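Residue numbers start from 1 in every chain, and the chains themselves are labelled A, B, ... in the order their sequence lines are given, proteins ahead of strands. Quick caveat, the model's predicted, so the values are computed rather than measured.
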Amino acid sequence: MPEPLYICGATASGKSAKALELAAELDGEIVNADAFQLFRGLEIITAAPTHEDRQRVPHHLYGALDPSERIDAGRYRELALPVIKDIQSRGKTPIVTGGSGLYLKFLTHGPAPLPKGDETMRAEMEAKPLEELVAQLREIDPVEAERTDLQNRRFVSRALEICLLTGEKASELRDQWESQTAEISESLEGIWIQRPREVLHARIAERTRWMLDNGAIEEVQDIGDVSENCEKAIGFREIRALLAGEIDRATCEQQIATATRQYAKRQETWFRREKWLQAFKAL
RNA sequence: GGCUCAAUAGCUCAGUUGGUAGAGCAGCGGAUUGAAAAUCCGCGUGUCCCUGGUUCGAUCCCGGGUUGAGCCA
């Protein structure tokens, strides 16, 4: 059975083009590993594969969700696994393509034995001062408190959430999973498309301009109700501000490009740690 | 042409009663297993426009120049 091939890299690094190329070469089908290309109706601002691309090679999990839905890494894994299995059963190679590090990690290395996020509990914690959450975590699970970034509210509340939901220590649950990840990495095959930073920045600038010239604004205008999850797509808030007349077109373009560059940098930091990925240097 | 003001980090600007300078943004580095295109942490990257002078010492004071803005002609 053909093993999946993972294609990772920063946004605008050219993953989609590489995926198409490899799909032809390996008789493969492309599976999305991008948190925002999962949503329908945001094809332009998320730079999802074009209609033509999708006709050349089968694409899966693009536009699989309604913008009013929410998703997390665990659910993504549940969506992707059967799709990958199905491709394999037909003797084709799954070419998993995307830049969402956490989602890819969930897919490749599996979930730790942790409960999924609880909206109600999160809302409650959101209302509390950070110091209070930190104090509570220190009390319940000092080991986890020690290794958590205590200035990062999200990380503190997640750790606390795990403890409260399970009645066990987050530190112990996480350790169980951590111990087996190295072994999994050895069996994986994937590439990380790298570009010189200046080239990446130029590609981002070009793509941002292209999006705004080719329907991104209309796309956001017409999308309707979107989940809190979905509206975090880079470009969404910026274009909403443009539509509301709060910023002009040039500012909008500049803000989107900046946010995209910053995101690309975080992606590279993530992939740099994934030692199982093979570097593919492009110009 | 005359006068006035400005010139400091990639950008916008602060500052130094004369002891070679610091904020925001950008940028760079990092963390990150269930919000991740999220969230958080760290780092100043500099002919202080040029050139003479005064001074132990000038980015700062004085003269000249250059560039830009404004006002008067």
Side-chain angles (χ1 to χ4, degrees), chain A residues 8-13 15 32-39 42 45-48 69-80 98-123 125-126 130 133-134 144 147-162 165-166 170-171 173-181 184 196-198 200-201 204-205 207-208 211 226-239 251 254-274:
Chain A
C8 311
T11 186
S13 62
K15 295 185 293 295
N32 176 33
D34 183 293
F36 285 78
Q37 290 176 1
L38 286 165
F39 291 106
L42 290 175
I45 68 168
T46 63
E69 290 183 82
R70 315 173 138 266
I71 179 135
D72 60 43
R75 185 168 166 222
Y76 164 72
R77 175 182 158 88
E78 281 159 22
L79 288 175
S100 298
L102 182 67
Y103 283 28
L104 277 157
K105 189 83 185 218
F106 254 76
L107 181 57
T108 55
H109 291 71
L114 304 173
K116 66 177 186 196
D118 183 294
E119 289 309 320
T120 314
M121 193 173 280
R122 287 180 181 186
M125 288 198 247
E126 200 56 47
L130 179 59
L133 301 178
V134 169
E144 191 65 6
R147 62 193 189 186
T148 298
D149 176 358
L150 298 176
Q151 284 172 283
N152 191 336
R153 190 177 186 97
R154 291 253 170 114
F155 288 6
V156 174
S157 35
R158 173 59 182 158
L160 200 51
E161 177 185 63
I162 293 168
L165 249 28
T166 61
S171 53
L173 295 172
R174 277 184 166 152
D175 284 343
Q176 288 175 31
W177 168 78
E178 200 81 40
S179 59
Q180 46 184 325
T181 57
I184 293 170
R197 194 56 67 83
E198 318 80 67
L200 194 62
H201 285 183
I204 288 169
R207 196 182 69 184
T208 303
M211 282 175 182
V226 302
S227 64
E228 218 174 291
N229 183 335
C230 194
E231 70 183 7
K232 285 178 194 151
I234 292 173
F236 191 86
R237 289 173 194 281
E238 293 86 348
I239 292 175
T251 305
Q254 190 220 338
Q255 287 181 357
I256 293 173
T258 299
T260 308
R261 287 196 300 271
Q262 293 171 339
Y263 170 48
K265 193 160 122 41
R266 295 195 301 274
Q267 288 177 297
E268 303 221 293
T269 300
W270 183 291
F271 293 127
R272 215 169 274 149
R273 295 206 307 170
E274 299 295 333

- Output the single nucleotide from B/C28, B/A37, B/A36 whose closest atom is nearest the side chain of A/Y103. B/A36
- Query: Side-chain N or O of A/Q262 less than 4.0 angstrom from OP1 or OP2 on B/A26?
  - Reply: yes
- Item | Phosphate OP1/OP2 of B/G34 contacted by A/H109 side-chain N/O (<4.0 Å) | no
- Should A/R174 be listed as having a side-chain N or O under 4.0 Å from OP1 or OP2 of B/G34? yes
- Task: Starting from P on B/U39, measure out to CG on A/N152 and report it in whole angstrom.
- Result: 10 Å
- Task: Please tell me which of the listed nucleotides, B/G30, B/A36, B/G34, lies nearest to the side chain of A/R272?
- Result: B/G30
- Note on the structure: Out of B/C41, B/A35, B/G34, minimum distance to the side chain of A/D149 belongs to B/C41
- Item | A/R261 CZ - B/A26 P separation (whole Å) | 9 Å
- Salt-bridge contact A/E268-A/K265 (side-chain N to carboxylate O under 4.0 Å): no
- At under 4.0 Å between heavy atoms, what does A/A35 touch on the DNA or RNA strands: base, sugar-phosphate, or nothing? sugar-phosphate
- Item | Residue A/T258, side-chain heavy atoms: nucleotide from B/A26, B/G34, B/A37 that is nearest | B/A26
- If you check every side-chain atom of A/S100, which of B/A35, B/A37, B/A36 has the closest atom? B/A37
- Item | Watson-Crick or G-U stems involving RNA chain B, each at least 3 pairs long, distances under 3.5 Å, ordered by first number | B:1-7 with B:66-72, B:10-13 with B:22-25, B:27-31 with B:39-43, B:49-53 with B:61-65
- Item | Atom-to-atom span, CZ of A/R75 to P of B/A36 - whole angstrom | 12 Å
- Phosphate OP1/OP2 of B/G29 contacted by A/R197 side-chain N/O (<4.0 Å): yes
- Message: As a test of reading the structure: which of B/A35, B/C40, B/G34 is closest to the side chain of A/S157, going by heavy atoms?
- Response: B/A35
- Look at the side-chain N and O atoms of A/N229 and state whether any lies under 4.0 Å from the OP1 or OP2 oxygen of B/A37. no
- Message: Counting only side-chain nitrogens and oxygens, does A/T11 get under 4.0 Å of the OP1 or OP2 atom of B/A37?
- Response: no
- Query: Counting any heavy atom closer than 4.0 Å, what does A/G235 reach on the DNA or RNA strands: base, sugar-phosphate only, or nothing?
  - Reply: nothing
- Query: Side chain of A/E231, backbone of A/V226: donor and acceptor closer than 3.5 Å?
  - Reply: no
- Quickly work out the A/I234 CD1 to B/U39 P distance and round it to whole Å. 10 Å
- When all nucleic acid strands are considered with a 4.0 Å heavy-atom cut-off, which category describes A/L165: base, sugar-phosphate, or nothing? nothing
- Item | Donor-acceptor pair (no angle test) under 3.5 Å: A/D72 side chain, B/A36 base | no
- Please step through salt bridge (charged side-chain N to carboxylate O under 4.0 Å, His left out) for the pair A/E161 and A/R158, ending with a clear verdict. CA-CA 5 Å; A/E161 177 185 63; A/R158 173 59 182 158; 2.6 Å; yes
- Query: Is a donor-acceptor contact shorter than 3.5 angstrom present between the side chain of A/K265 and the base of B/G27?
  - Reply: no
- Query: Rounded to whole angstroms, how far apart are CD1 on A/I71 and C1' on B/A37?
  - Reply: 14 Å
- Task: Just compare B/G27, B/A37, B/C40 and give me whichever is closest to any side-chain atom of A/D34.
- Result: B/A37
